[in-house]
Amino acid sequence: LLAYGLPVASGEEEGYLGGSAGVITTAADMAHYLIMHSGGGRFAGTPIVAPASVETMHTPPASIDSDYAMGWLSHTVAGDGAGDGAGRRVLEHNGILSTFYAETVLLPDTGQGFVLLYNIHSLDQDLLAYPPIKQGLIALLTGRQPAVSDSGIGFNVGLLSIVLAALTLVSVAFELRGLWRLPRWRQQAASRPWWRH
């Protein structure tokens, strides 16, 4: 985990692990998983899942307003601007443990995909560091240039860590001030009538 932007070693927490948070795997295994999905359910020439079942897994139900398929979030991104006018379908899902984070992305129409496996997990990384990496790779795979922050600085994990450290220091200063003023507060409280408390 991260504490004020600094990595701190931490053991994995115990508890119930769901499907997207309980897989222990390798990059090679995840690549095989994506190959099976992009190959219509086949891997190394062997049928693993029926093609119709793979398509069902990749398609959100038509009866509800949701982009969630069976284990995949489905959305469309702009194409390469080559005049085809069509967007590119993207399927993705993350996986989270208390100390690890993963992103799985598949472009089913082109058979491309990637997996990002991180050995650190924290809210600031999830919100600020990991999405630009994923979005940049999706942009490259769809023929676009990754977005770059216009400001040159942007709000990032380092800046967030500085803000949180400053807030912590201010909070500690107020607590110390309260402790320093405690004898005076106790003296004033003893001299007040009970109904003023």
Side-chain angles (χ1 to χ4, degrees), residues 1-61 64 66-77 79 87-144 146-147 156-158 160-161:
L1 61 99
L2 285 184
Y4 303 108
L6 301 173
V8 177
S10 174
E12 185 60 43
E13 296 177 8
E14 294 183 11
Y16 174 75
L17 298 176
S20 65
V23 177
I24 298 173
T25 189
T26 65
D29 286 343
M30 292 304 296
H32 295 164
Y33 175 74
L34 287 181
I35 290 168
M36 185 278 298
H37 271 277
S38 66
R42 298 178 68 85
F43 179 74
T46 303
I48 307 293
V49 180
S53 296
V54 172
E55 188 56 35
T56 299
M57 285 188 265
H58 294 177
T59 308
I64 59 174
S66 174
D67 59 354
Y68 192 75
M70 296 180 69
W72 294 97
L73 290 168
S74 176
H75 61 94
T76 304
V77 298
R88 305 287 185 201
R89 194 165 58 130
V90 177
L91 303 171
E92 60 181 88
H93 205 292
N94 65 354
I96 301 172
L97 290 174
S98 60
T99 54
F100 299 96
Y101 185 82
E103 289 277 3
T104 305
V105 177
L106 180 67
L107 284 77
D109 300 329
T110 63
Q112 297 169 305
F114 60 88
V115 176
L116 300 170
L117 304 174
Y118 299 99
N119 64 351
I120 191 167
H121 172 239
S122 66
L123 183 61
D124 46 358
Q125 296 281 3
D126 294 354
L127 296 176
L128 300 172
Y130 300 150
I133 296 170
K134 178 182 72 174
Q135 296 304 327
L137 289 170
I138 291 172
L140 290 173
L141 290 177
T142 55
R144 298 174 294 124
N156 56 37
V157 173
L160 177 62
S161 299

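Residue numbers run from 1 in the order of the sequence given. Please read all numbers here as calculations on a predicted model, not as lab measurements. Note that these values count all heavy atoms, side chains included, but never hydrogens, waters or copies made by symmetry.
- Remark: Asp67 CG to Glu92 CD distance equals 9.0 Å, nearest 0.5 Å.
- Annotation for His58 and Ala69: closest pair C-CB, 3.7 Å, computed over non-hydrogen atoms.
- For the side chain to side chain contact (heavy atoms under 4.5 Å, CB included) with Val90, the qualifying choice from Val105, Leu106, Leu73 is Val105, the only one to do so.
- With sequence neighbours left out, the side-chain contact (heavy atoms from CB on, under 4.5 Å) criterion links Gln135 to Ile138.
- The side-chain contact (heavy atoms from CB on, under 4.5 Å) test applied to Thr56 returns Met70, not counting sequence neighbours.
- Aromatic ring orientation, Tyr33 versus Trp72: parallel (interplanar angle below 30°, classes split at 30° and 60°).
- Side-chain contact between Ser74 and Thr59 is absent, with no heavy-atom pair separated by less than 4.5 Å.
- Put simply, the side chain of Phe43 does not reach to within 4.5 Å of the side chain of Val49, judged on heavy atoms.
- Between Val54 and Gly40, the shortest heavy-atom contact is CG2-C, 3.9 Å.
- Here Asp29 pairs with nothing under the salt bridge (charged side-chain N to carboxylate O under 4.0 Å, His left out) rule; sequence neighbours left out.
- Under the side chain to side chain donor-acceptor pair (under 3.5 Å) criterion, the residue pairs touching residues 100-111 are Asn94-Tyr101, Tyr101-Glu103, Thr110-Gln112, with sequence neighbours excluded.
- Residues Leu116 and Leu137 have side chains in contact (heavy-atom distance under 4.5 Å, counting atoms from C-beta outward).
- Taking the ring-ring contact (aromatic ring centres under 6.0 Å, His included) definition, one finds that Phe100 meets it with nothing, sequence neighbours left out.
- Residue pairs meeting the salt bridge (Lys or Arg N to Asp or Glu O under 4.0 Å) criterion with at least one member in residues 44-58, sequence neighbours excluded, are Glu55-Arg89.
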Criterion side-chain contact (heavy atoms from CB on, under 4.5 Å) on His37 and Leu91, from CA distance to verdict
CA-CA 10 Å; His37 271 277; Leu91 303 171; over 6 Å; no
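- To the nearest 0.5 angstrom, Met30 atom CE is 12.0 Å from Phe114 atom CZ.
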